[in-house]
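These numbers were taken from a predicted model, which means no experiment stands behind them. In this chain, residues are counted from 1 in sequence order. In each ligand, atom 1 is the first atom listed, and ligand 1 is the first ligand listed.
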Amino acid sequence: MEVIILGGGLAGLSAAAALGSAGHRIRVLEARPYLGGRAASYDSGGETIDNCQHILMRCCVNLLDFYSRLGVDKEIAFYRDFVIIEPGGRRSVLTRGFLPAPFHFSASLLGLKFLTFSEKVALIRGMLAIRREYGCRDDLDKISMQRWLEEKRQPKRAIERFWSQVLISALSEEADRVAAAHGFQVFWLGFMARADSYEMGVPAVPLGKLYGADSWRALGDVDIRLRMPVEKVNFENGKVQSVMAGGEELHADHFVCALPFDRLPALGIPIDVSAFEYSPITGIHLWFDRKVIDVQQAAMLDRTIQWVFNKSDGRYVQVVVSASRTLIEMPRADVIALAVRELAEFFPAVREANLQKAHVVKEVRAVFSARPGLEPYRPPTRTAIPNLFLAGDWTRSGWPATMESAVRSGYLAAEAITGQKFLLSDVG
Ligand SMILES: Cc1cc2nc3c(=O)[nH]c(=O)nc-3n(C[C@H](O)[C@H](O)[C@H](O)COP(=O)(O)OP(=O)(O)OC[C@H]3O[C@@H](n4cnc5c(N)ncnc54)[C@H](O)[C@@H]3O)c2cc1C
């Protein structure tokens with residue numbers, strides 16, 4: 001069987017890996033000169049940098065399966081300690097203890113310095129409510145996580161300093177704009193279902209290296225064609241007949257559209273995407289003349305900047321701001337100044353250091369906003385056109401916009417085409 005995949009992001013690539021290893025002839029058409037889409041690396045002044053730091057958790061079982069198909073799973077470093085820092089530098093660590101799931105965080109949660117005792121008790125009460133209500137309530141897609149947290153009488157500081165901090169990192173969206181169903185999934189699958197599911201995976205190499213040419217050799221007949229933007233989809237007799245890309249007309253038995261949702265209307269693909277909107281993420285790359293941070297990564301409370309990652313010797317650091325609407329209109333120089341000023345509140349060494357170079361990546365169309373009521377509008381893999389299948393983090397993958405969602409959607413498309421099973425079940 002011949003399959004053409006439109007888009008070389010994680011959705012398209014995971015479909016290609018599954019279909020290729022199942023013995024089908026695959027062509028991936030990617031518009032850019034590199035693979036990975038929104039999880040990619042590129043050259044910036046002679047240095048390979050990721051568009052933005054990407055992290056995963058051990059509960060991303062399909063993403064990890066995809067990395068192991070590519071033979072790069074060993075390139076993901078896992079960390080057990082979540083370091084959380086307050087302005088002024090006081091640190092707390094969230095890590096698992098000796099109790100079995102879902103109680104493995106009990107000691108660690110009680111030890112958090114940035115919450116009062118009553119806030120911690122409320123937090124544990126909230127976690128237990130998630131355990132009780134997960135899979136049992138049918139209104140969780142319709143209400144926001146903020147509303148659910150207020151219903152459970154969570155203190156404002158616990159919402160701001162714990163619940164929102166986790167949600168915004170995982171879903172790139174504010175608690176009042178995100179469906180409680182997705183919030184539940186994050187806390188249940190990520191923090192409660194299994195004792196190790198929260199462990200944070202950070203690629204130890206630039207993202208682009210994970211999808212390098214070597215990886216594809218063992219995966220069958222997969223032809224990856226870069227700089228091949230699909231310009232037109234030709235429909236005939238209710239089927240896709242061919243696609244036009246790079247001046248060529250290309251035919252296949254099946255087509256997988258693994259493009260971002262906003263590309264579909266221009267190609268005449270008849271899927272209603274009007275319910276979707278984007279949430280932005282900003283990555284701020286900072287190169288200092290000396291070591292300024294002494295951790296591998298850390299979450300930072302109460303400021304605009306949310307996470308910092310140590311990219312090289314504590315001198316090259318990357319700061320991430322999810323749901324970064326306040327930064328989108330801000331001039332780049334001001335974004336850099338703000339990031340450096342705030343970083344110094346957490347890491348005093350920044351004050352003594354000189355900034356040698358900085359780079360800001362504002363991804364305005366980073367991820368779809370997983371707001372209440374959206375889920376029924378996420379289209380499934382199969383379309384009304386029998387040989388056209390959809391993939392992409394925004395399709396009905398069962399997960400919010402993440403790399404795991406993209407890979408799940410790719411595997412689901414491969415399953416729909418072949419009837420074979422590729423998708424692994426969630427840990428919980
Ligand atoms: C800044 C940022 C930080 C993020 N951080 C995380 C994180 O830490 N953890 C996490 O799990 N997720 C994170 N995400 C989300 C994650 O990157 C995405 O969910 C995932 O990569 C989406 O993959 P996809 O294949 O569905 O879409 P995309 O990656 O968008 O892939 C679509 C591909 O289609 C190509 N294309 C577009 N038009 C055409 C055309 N006409 N013809 C051919 N090709 C075309 C594009 O170039 C692209 O390569 C982040 C995203 C961003 C932007």
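Counting heavy-atom neighbours within 6.0 Å of Lys152 NZ, excluding the residue itself, gives a total above 12.
Contact detail for Trp394 and Leu390: the closest heavy-atom pair is CH2-CD1, 4.5 Å.
The six-membered or imidazole ring of Tyr278 lies near that of Phe261, with a centre-to-centre distance under 6.0 Å.
The protein residues lying under 4.0 angstrom from ligand 1, judged by non-hydrogen atoms, are Gly7, Gly8, Gly9, Leu10, Ala11, Leu29, Glu30, Ala31, Arg32, Gly36, Gly37, Arg38, Ala39, Cys52, Gln53, His54, Ile55, Met228, Pro229, Val230, Ala258, Leu259, Pro260, Arg263, Ile281, Glu363, Ala366, Val367, Gly392, Asp393, Ala401, Thr402, Met403, Ala406.
Between Phe187 and Trp163, the ring-plane angle classifies as perpendicular under the 30° and 60° cut-offs.
Judged by distance alone, with hydrogens and angles left aside, the side-chain atoms of Asp221 form no donor-acceptor pair with the main-chain N or O of His24 at under 3.5 Å. Checked by atom type and distance alone, the side chain of Arg80 never pairs as donor or acceptor with a backbone atom of Asp196 at under 3.5 Å.
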